[in-house]
A.B. asks: 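My questions all concern the structure below.
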Amino acid sequence: MSEWKKTWCNLCAVTCGLELEVENNKVVNVRSDPSSPRSNGYCCRKGRTAKYFIDHGDRVLYPRKKVGDRYERISWEQAYKEIAEKANTILKLHGPRSAAVIGAGTAAVQTAAATAAPMLAAMGSRYIFNPIGVEFMADWWSHGRIFGDQSHFLEADDERCEVMIYWGSNAYVSHQMPNARRICREFSESPDKTVIVVDPRLSETARMADMHIMPALGSDSLFLRALIALILENGWENKEYLNKYTKDWALAKGWFRDFDIDGALRVCKIPRKQAEDFARILTTKKWGMHRDLGLFFGRHATMNSYLCILLTIVCGMCLVPGGNVPPERVIALAGSDERDPKTWRTPVTNRFPVMGIYPEAVIPDEILGNNPDRIRFAITSLNNPLRSYPDSQKMEEALRSLELLVAIECCETEVAQFADYVLPSTNAYEGNGGFNIFTLNYPEVVFGCRKQIVRPLGEAKEDSMIFAELTEAMGLIPKPPRWLHTAAEDAVITGDRMKYFMKLGAWLAMGNLKYFDQAASIIALTLGKAMGSADRAMTWGGMLMSNLPGRAIMAVKADKKQHPIISRMPILSGMCKMDAAFKLCDDNPQGAVIARSDEFELMKRHIKHKDGKLRLWCEEIDSYIKRITPEKEEAELTLKDGCNMILSAGRHSESGVNASMRNSKTFKYRDPYTLAVNPEDAAQMGLTDGQTVRLSTNKGSIKIPIECSWQISRGYCMMPHFFGLKFEGGTYGVHANYLTDHRDIDEITGNARWRYTPCRVEVI
């Protein structure tokens with residue numbers, strides 16, 4: 001007999017609700033979940049391929065170690081013992097900067113970071129490299145400077161804005177927002193709403209737009225500077241808003257004074273009339289903006305993000321309902337500030353973290369660089385740096401040179417095929433818990449605690465438990481006392497988790513305060529084992545530490561009958577509310593509304609500067625923006641060194657299904673591995689649809705068939721990202737990061753420049 005079970009999709013941060021039909025411990029069917037408060041019955045094509053992600057032909061099932069050129073199966077105990085001994089030796093000889101974690105969390109489940117970060121801290125290291133470090137660093141750094149907190153970032157108020165702007169975003173296909181297609185269609189079809197797309201290509205979303213602005217490739221920052229200058233030239237800025245909520249507008253305004261607007265628009269290839277119409281809409285309507293990889297992975301990524309936020313402020317559409325709003329965070333994140341002298345910079349490339357995460361592109365230099373503090377020992381977790389990060393050749397050279405490489409993987413990734421130790425992990429549907437830090441259902445705060453859909457295969461464990469047990473094996477934390485285990489077991493039986501929390505606090509206070517930063521690992525090893533899931537315990541612990549009760553209107557109340565005293569204590573009352581919120585989510589695998597944003601307190605809650613004012617000027621942007629001029633940008637945008645096109649290393653398409661492409665069944669009846677080019681460019685080069693061409697960059701050269709598409713702008717070509725993956729003995733296509741350069745990154749924050757790689761396309 002089969003059974004339908006509720007869960008959340010694991011393939012992107014939106015995490016739509018799914019129902020999976022399970023028979024004999026296998027998922028045989030997938031459908032959207034109409035009861036999901038997250039997605040209300042919606043899911044995209046990626047979610048519907050979940051069974052291919054779960055039932056995987058190349059699963060890692062048992063711990064193993066590399067012996068010569070082959071692997072030997074070993075026990076968990078042997079794996080932990082040997083890894084701990086080798087890691088401790090490296091740390092003793094070379095110090096804490098020699099250790100790093102690469103991964104520790106996917107787009108949809110970040111629970112592993114809850115124990116990976118404490119393990120690193122216990123070693124004295126801070127080097128976590130995570131996919132956030134190739135995508136969001138520029139945007140989160142910009143929010144940090146302007147708001148005073150990197151974790152408060154803007155999204156469009158989809159339900160209430162009058163105008164929806166998609167900048168560098170093909171939301172109808174990429175789905176980087178809840179209910180993407182419903183929102184896109186509603187705005188496109190409504191006579192009272194307007195859709196504006198800023199994108200050089202005619203994407204699926206652009207075809208639905210009321211206004212399509214097509215800036216020249218790589219000219220977004222120049223256009224943004226011209227657009228703000230145009231608003232100021234006409235006196236259209238929201239003066240009342242700027243006077244009330246900003247600290248240094250008079251200083252930042254200098255960036256746009258006497259700027260050559262017409263020269264900039266000429267380089268951007270945007271008619272002045274269209275720019276003026278756009279500016280008038282921005283200053284007279286309520287609008288929200290969805291930004292995506294076209295900006296985050298483009299030229300001047302940090303400047304793009306900074307000027308986009310500045311545009312919302314100039315128009316009075318920042319932190320206002322119906323405009324651009326910050327979704328509330330349930331799991332608190334720790335920001336970072338590189339101006340703090342205590343913040344580590346990488347010794348070889350001098351890079352700093354954003355939200356505690358370092359940019360992935362610097363990994364090869366930080367391993368191979370001639371520096372005594374270089375990285376020598378790394379753990380990868382649910383991560384495949386040889387395909388996910390820039391410059392695969394250099395990345396492989398670096399990882400192979402490490403003194404110790406441990407891969408925590410659920411399948412046979414390219415890294416797992418040469419790591420010194422490979423530890424089997426569960427996938428998102430085998431674990432029993434797991435949180436997603438991204439809450440995108442503004443103004444509601446929707447949260448969920450995953451339930452196990454299928455039993456783990458082999459000896460697989462949750463990543464969060466592996467990190468906790470490895471921390472213990474390295475002697476970085478003491479074995480928890482038996483009475484704390486008993487308290488955890490009682491919490492599971494009685495449902496009174498707060499009593500366990502109080503006993504955990506007592507244990508820390510009894511001479512163990514030095515292990516306070518490793519409390520998550522202690523929770524995993526005690527409550528996690530009692531619950532049968534470290535992920536589930538991490539979700540509870542993360543929710544308990546949330547500052548949501550102080551920011552939002554809670555939809556749950558503390559259980560005063562169970563906790564008559566602590567539920568009334570100022571410090572603990574919020575924790576009791578979050579404990580109740582955990583129970584609500586734990587009882588409802590489809591997720592639950594646990595709070596609502598207090599829309600009358602947006603400015604107060606999310607501007608973290610002491611005076612409650614937005615900061616618009618900063619030194620880094622001041623020195624950078626002076627280079628964003630028509631003359632300098634025109635020179636920079638001119639192709640050189642024999643290149644004739646710009647490559648976008650990554651393409652969202654109907655035939656693309658994210659990392660599930662490792663399983664060739666997801667594209668059995670289609671051929672998504674193509675290089676998309678404009679038909680006029682193809683004709684000019686004497687190429688025909690389906691013809692194989694040579695695609696070359698400064699890093700390498702591949703052969704790939706072309707696909708002629710009017711969606712692609714002139715001078716542009718796009719190839720999908722997740723190919724070249726070995727699966728069940730075969731490999732299909734070549735991966736995009738064979739062609740990208742790990743040093744071609746944003747100069748301020750290190751975002752990869754995947755959407756702008758000069759290349760040469762030619763007939764073979």
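Every heavy atom of this structure was used, including side-chain atoms; hydrogens, water molecules and symmetry mates were not. Sequence positions, counted from 1, serve as the residue numbers for this chain.
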A.B. asks: Return yes if some donor-acceptor pair links the side-chain N/O of T302 with the main-chain N/O of I748 below 3.5 Å, else return no.
C.D. replies: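 No, T302 side chain to I748 backbone: no donor-acceptor pair under 3.5 Å.
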A.B. asks: State, with a plain yes or no, whether a side-chain heavy atom of K699 is found less than 4.5 Å away from one of Y738.
C.D. replies: no
A.B. asks: Do I367 and R374 come within less than 4.5 Å of each other through their side chains, counting heavy atoms only?
C.D. replies: no
A.B. asks: Within the distance-only criterion (no hydrogens, no angle test), does the side chain of D689 pair as donor or acceptor with the backbone N or O of C708 below 3.5 angstrom?
C.D. replies: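 Yes.
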A.B. asks: Could you check whether any side-chain N or O of S696 sits under 3.5 Å from a backbone N or O of S701, counting only pairs where one atom can act as donor and the other as acceptor?
C.D. replies: no
A.B. asks: Carefully, step by step, assess R387 and S392 under the rule side chain to side chain contact (heavy atoms under 4.5 Å, CB included).
C.D. replies: CA-CA 6 Å; R387 296 297 178 265; S392 296; 4.3 Å; yes
A.B. asks: Counting heavy atoms not belonging to R743, are there more than 12 under 6.0 Å from its CZ?
C.D. replies: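 Check fails, neighbour count at 12 or below.
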A.B. asks: I'd like to know if the side chain of D681 and the backbone of G715 have a donor-acceptor N/O pair within less than 3.5 Å.
C.D. replies: yes
A.B. asks: Look only at the side chain of D391 and the backbone of H742, and say whether a donor-acceptor pair between them is shorter than 3.5 Å.
C.D. replies: yes
A.B. asks: Taking S219 for its side chain and P215 for its backbone only, find out whether a donor-acceptor pair lies under 3.5 Å.
C.D. replies: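 No: the side chain of S219 does not pair with the backbone of P215.
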A.B. asks: Could you pull out all residues at least two apart from A736 that satisfy side-chain contact (heavy atoms from CB on, under 4.5 Å)?
C.D. replies: A649, M719, H721
A.B. asks: May I ask you to check if R97 and Y127 form a cation-pi contact, with NZ or CZ under 6.0 angstrom from the six-membered ring centre and within 45° of the axis?
C.D. replies: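 No; the conditions do not both hold, so R97 does not lie above the ring face of Y127.
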A.B. asks: Determine yes or no for a side-chain-to-main-chain donor-acceptor pair under 3.5 angstrom, with S125 supplying the side chain and A99 the backbone.
C.D. replies: yes
A.B. asks: Show, in sequence, the C-alpha distance, side-chain angles and deciding distance for K394 and E397, and conclude whether the salt bridge (Lys or Arg N to Asp or Glu O under 4.0 Å) test is met.
C.D. replies: CA-CA 5 Å; K394 203 68 178 177; E397 178 188 350; 3.4 Å; yes
A.B. asks: Testing N304, D139, D220 for side chain to side chain donor-acceptor pair (under 3.5 Å) with R291, which one passes?
C.D. replies: D139
A.B. asks: Run the salt-bridge test on D420 and K66 with the 4.0 Å N-O cut-off and return the result as yes or no.
C.D. replies: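 So D420 does not pair with K66 through a salt bridge.
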A.B. asks: Hey, is the main chain of E459 close enough, under 3.5 Å, to the side chain of K461 for a donor-acceptor pair?
C.D. replies: no
A.B. asks: Does a side-chain heavy-atom distance below 4.5 Å link Y716 with R755?
C.D. replies: yes
A.B. asks: Go through the steps for R651 and E707 under the test salt bridge (Lys or Arg N to Asp or Glu O under 4.0 Å), then give the verdict.
C.D. replies: CA-CA 13 Å; R651 179 191 180 192; E707 171 194 346; 3.1 Å; yes
A.B. asks: Can you tell me if N737 uses its side chain to pair, donor with acceptor, with the backbone of Y389 under 3.5 Å?
C.D. replies: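 The answer is yes, because a donor-acceptor pair under 3.5 Å joins these two groups.
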A.B. asks: Does the pair E72 and R70 meet the rule for a salt bridge (Lys or Arg N to Asp or Glu O under 4.0 Å), with working shown?
C.D. replies: CA-CA 7 Å; E72 287 183 2; R70 62 185 179 84; 3.3 Å; yes
A.B. asks: Are R64 and Y71 in a cation-pi setup, meaning NZ or CZ lies under 6.0 angstrom from the ring centre and within 45 degrees of the ring axis?
C.D. replies: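 Ring-cation test returns yes.
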A.B. asks: Cation-pi check for Y172 against R181: NZ or CZ below 6.0 Å from the six-membered ring centre and within 45 degrees of the axis, yes or no?
C.D. replies: yes
A.B. asks: Under a 4.5 Å cut-off applied to non-hydrogen side-chain atoms, are S381 and I102 in contact?
C.D. replies: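 Answer no - side chains too far apart.
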A.B. asks: Does the E409 side chain pair with the main chain of V60, one donor and one acceptor, at a distance under 3.5 Å?
C.D. replies: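 A pair under 3.5 Å: no.
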